[in-house]
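In what follows, a single structure is set out as structure tokens and then discussed.
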There are 2 protein chains.
Amino acid sequence: MAKVRKSKQRDRIRELLERERIHVTASWVYDQLREEFPTLSLGNVYRNLNILVRQGEANRLPFGSTFDVYEAVRKPHYHFVCERCGAIEDVAVPGSLQAQLDSLLDDSSGHRLLRTTVEFHGICQACRKKATPSSEDQ
Amino acid sequence: MAKVRKSKQRDRIRELLERERIHVTASWVYDQLREEFPTLSLGNVYRNLNILVRQGEANRLPFGSTFDVYEAVRKPHYHFVCERCGAIEDVAVPGSLQAQLDSLLDDSSGHRLLRTTVEFHGICQACRKKATPSSEDQ
DNA sequence: GTATCTGCAAAACATTTGCCCTTTG
DNA sequence: CAAAGGGCAAATGTTTTGCAGATAC
């Protein structure tokens with residue numbers, strides 16, 4: 001892996017990931033920074049997001065959508081994804097549960113476990129409220 | 001959802017999902033069936049995979065890769081994904097654990113939970129063996 | 001100074017879609 | 001024979017890449 005130098009653009013992308021929002025897309029980041037860097041290119045946003053992921057500062061979350069979502073790396077957590085509106089919400093991880101999950105793999109498989117992800121898929125509260133009364137099963 | 005008629009192509013795709021392999025890609029399905037249906041198009045494979053997913057006969061698994069993976073719907077299970085070679089392996093679900101996971105969401109969130117997925121990411125046994133002795137940390 | 005970063009545009013890639021003919025029921 | 005499926009090719013949308021100039025160290 002080549003040496004990584006500092007760059008204003010990547011610094012700001014890292015800041016956006018860490019402070020402004022929990023889950024972002026490449027094009028959201030691009031839109032946020034266009035004013036600050038009028039010549040910014042989407043390709044460079046992708047390049048920097050990849051660098052951040054490679055360096056362990058960000059996670060790429062490939063949900064079912066047509067695009068990927070990124071988040072700053074922080075303490076372990078799970079995700080709830082709304083199938084209707086795409087909203088993503090963090091779910092806290094009970095330590096005991098994580099241990100149980102990981103133990104499913106450690107034992108006899110011979111695989112090296114790097115990380116475990118849990119995704120809950122469903123319909124979020126807001127979307128359920130939007131549903132018509134007759135379609136209560138949504 | 002429009003009414004779904006029978007088609008030879010979709011029947012064979014369903015069979016492939018159920019019998020031939022655990023996890024398949026659209027282009028693998030395409031390659032398998034080209035001989036049998038010389039005029040088969042990749043677009044049609046995608047169309048039919050989408051129909052099977054919509055009808056609850058198949059799952060789409062959007063792992064980190066650049067392409068999606070499909071599997072026939074069967075009893076609940078988790079996945080181990082090798083970061084190096086992309087191999088996917090099923091992991092059995094202890095019933096008690098699944099209940100604990102689901103309970104994380106049911107309670108106060110107000111969301112409707114449709115399904116829960118668990119993915120273990122790491123390096124599979126085969127890839128670890130391939131690693132040089134000096135790179136034991138892989 | 002030289003390796004890395006950037007903008008730009010083009011390429012790559014998986015997936016979807018429109019059109020028109022074929023098949024199913 | 002009306003509606004759904006298929007083939008083909010073009011379109012779509014996201015992500016990556018090659019190149020030439022700018023920037024970091």
Side-chain angles (χ1 to χ4, degrees), chain A residues 1-17 23-55 57-71 81 83 85-86 88, chain B residues 1-17 23-71 81 83 86 88:
Chain A
M1 185 156 62
K3 193 179 172 188
V4 174
R5 288 184 181 159
K6 226 180 74 169
S7 94
K8 293 190 182 68
Q9 288 89 336
R10 183 161 55 252
D11 284 349
R12 290 291 289 125
I13 293 174
R14 186 185 294 111
E15 277 178 46
L16 277 181
L17 281 184
H23 309 99
V24 307
T25 63
S27 68
W28 181 87
V29 168
Y30 177 60
D31 288 341
Q32 297 305 305
L33 296 179
R34 293 187 72 160
E35 216 174 297
E36 190 170 345
F37 302 96
T39 63
L40 182 66
S41 65
L42 188 53
N44 196 37
V45 172
Y46 277 107
R47 248 185 311 231
N48 279 309
L49 286 172
N50 283 336
I51 290 174
L52 293 175
V53 169
R54 215 181 305 138
Q55 303 207 307
E57 300 184 72
N59 287 326
R60 177 188 283 107
L61 309 174
F63 296 146
S65 357
T66 58
F67 48 82
D68 289 343
V69 172
Y70 297 82
E71 65 174 11
V81 183
E83 305 255 288
C85 69
I88 302 166
Chain B
M1 184 157 59
K3 192 179 173 189
V4 174
R5 287 179 183 165
K6 223 180 76 169
S7 93
K8 293 189 182 70
Q9 288 89 335
R10 182 159 55 252
D11 285 349
R12 289 291 289 124
I13 291 174
R14 186 186 294 108
E15 278 178 46
L16 277 183
L17 281 184
H23 307 100
V24 308
T25 62
S27 67
W28 181 86
V29 169
Y30 177 61
D31 287 341
Q32 297 305 304
L33 297 179
R34 293 187 71 159
E35 215 173 298
E36 188 169 346
F37 303 97
T39 64
L40 182 66
S41 64
L42 189 52
N44 195 37
V45 172
Y46 277 107
R47 249 187 308 236
N48 279 309
L49 286 172
N50 283 335
I51 290 175
L52 293 175
V53 169
R54 213 182 304 138
Q55 302 206 308
E57 300 184 73
N59 287 325
R60 177 187 283 108
L61 310 174
F63 295 145
S65 357
T66 58
F67 47 81
D68 289 343
V69 172
Y70 298 82
E71 65 174 13
V81 184
E83 305 256 287
I88 301 165

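We name chains A, B, ... by the order of the sequence lines, and we start the count at 1 in each one.
In this structure, A:Trp28 places its CH2 atom 16 Å from P of D:dT15, rounding to the nearest Å. Rounded to an integer number of Å, the gap from CD1 of B:Ile51 to P of D:dA4 is 11 Å. The distance from atom CZ of B:Phe63 to atom P of C:dA14 is 17 Å, rounded to the nearest whole Å. We find that CG of A:Asp31 is positioned 12 Å from P of D:dT14, with the value rounded to whole Å. Separating the NZ atom of A:Lys6 from the C1' atom of D:dT23 is a distance of 12 Å, rounded to the nearest angstrom. Residue A:Tyr46 contributes atom OH, which lies 13 Å from atom P of D:dG13 at whole-angstrom precision. Taking atom CG on A:Asn44 and atom P on D:dC19, their separation rounds to 18 Å, with Å as the unit. Rounded to whole Å, the distance from CZ on A:Arg60 to C1' on D:dT15 is 9 Å.
With D:dT14, C:dT15, C:dC5 as the candidates, the nucleotide lying closest to the side chain of A:Val4 is C:dC5. Among the nucleotides C:dT15, C:dT24, C:dT4, the one closest to any side-chain atom of B:Asp68 is C:dT15.
Residue-level contact check: B:Phe67 touches the backbone only, with heavy atoms under 4.0 Å from sugar-phosphate atoms and none from bases. Nucleic acid contact class of B:Ser41 (heavy atoms, under 4.0 Å, all strands): base.
Between D:dG6 and B:Asn48, a contact under 4.0 Å exists linking OP1 or OP2 to a side-chain N or O. For C:dT23, the OP1/OP2 oxygens have no side-chain nitrogen or oxygen of B:Gln9 closer than 4.0 Å. Between A:Thr39 and C:dG7, a side-chain N or O to OP1/OP2 separation shorter than 4.0 Å is present. Contact between the side-chain N/O atoms of B:Lys8 and the OP1/OP2 oxygens of C:dT24 is found at a separation under 4.0 Å. Between A:Asn50 and the phosphate of D:dT16, there is a side-chain N or O to OP1/OP2 separation shorter than 4.0 Å. Residue A:Ser7 has no polar side-chain atom (N or O) positioned under 4.0 Å from OP1 or OP2 of D:dA24.
Looking at heavy atoms from C-beta onward, A:Leu33 lies out of side-chain contact with A:Gln9 at the 4.5 angstrom threshold. Between B:Asp31 and B:Arg34 there is a side-chain heavy-atom pair separated by less than 4.5 Å. B:Val29 has its side chain out of reach of B:Tyr46: every pair of non-hydrogen atoms, C-beta onward, lies at least 4.5 Å apart. Looking only at side-chain heavy atoms (C-beta outward), A:Ile51 and A:Arg54 come within less than 4.5 Å of each other.
In this structure a side-chain-to-backbone donor-acceptor pair under 3.5 Å is missing from B:Arg10 to B:Leu52.
Each of B:Arg10 and B:Pro38 was matched to the nucleotide of DNA chain D holding its nearest heavy atom; the match closer to the 5' end belongs to B:Arg10. With the nearest nucleotide of DNA chain C identified for both B:Gly43 and B:Arg5, B:Gly43 has the one nearer the 5' end.
Under a 4.0 Å N-O distance rule, the pair B:Asp11/B:Lys8 does not qualify as a salt bridge.
Looking at B:Arg47, its side chain comes within 3.5 Å of the base of C:dG18 through a donor and an acceptor atom.
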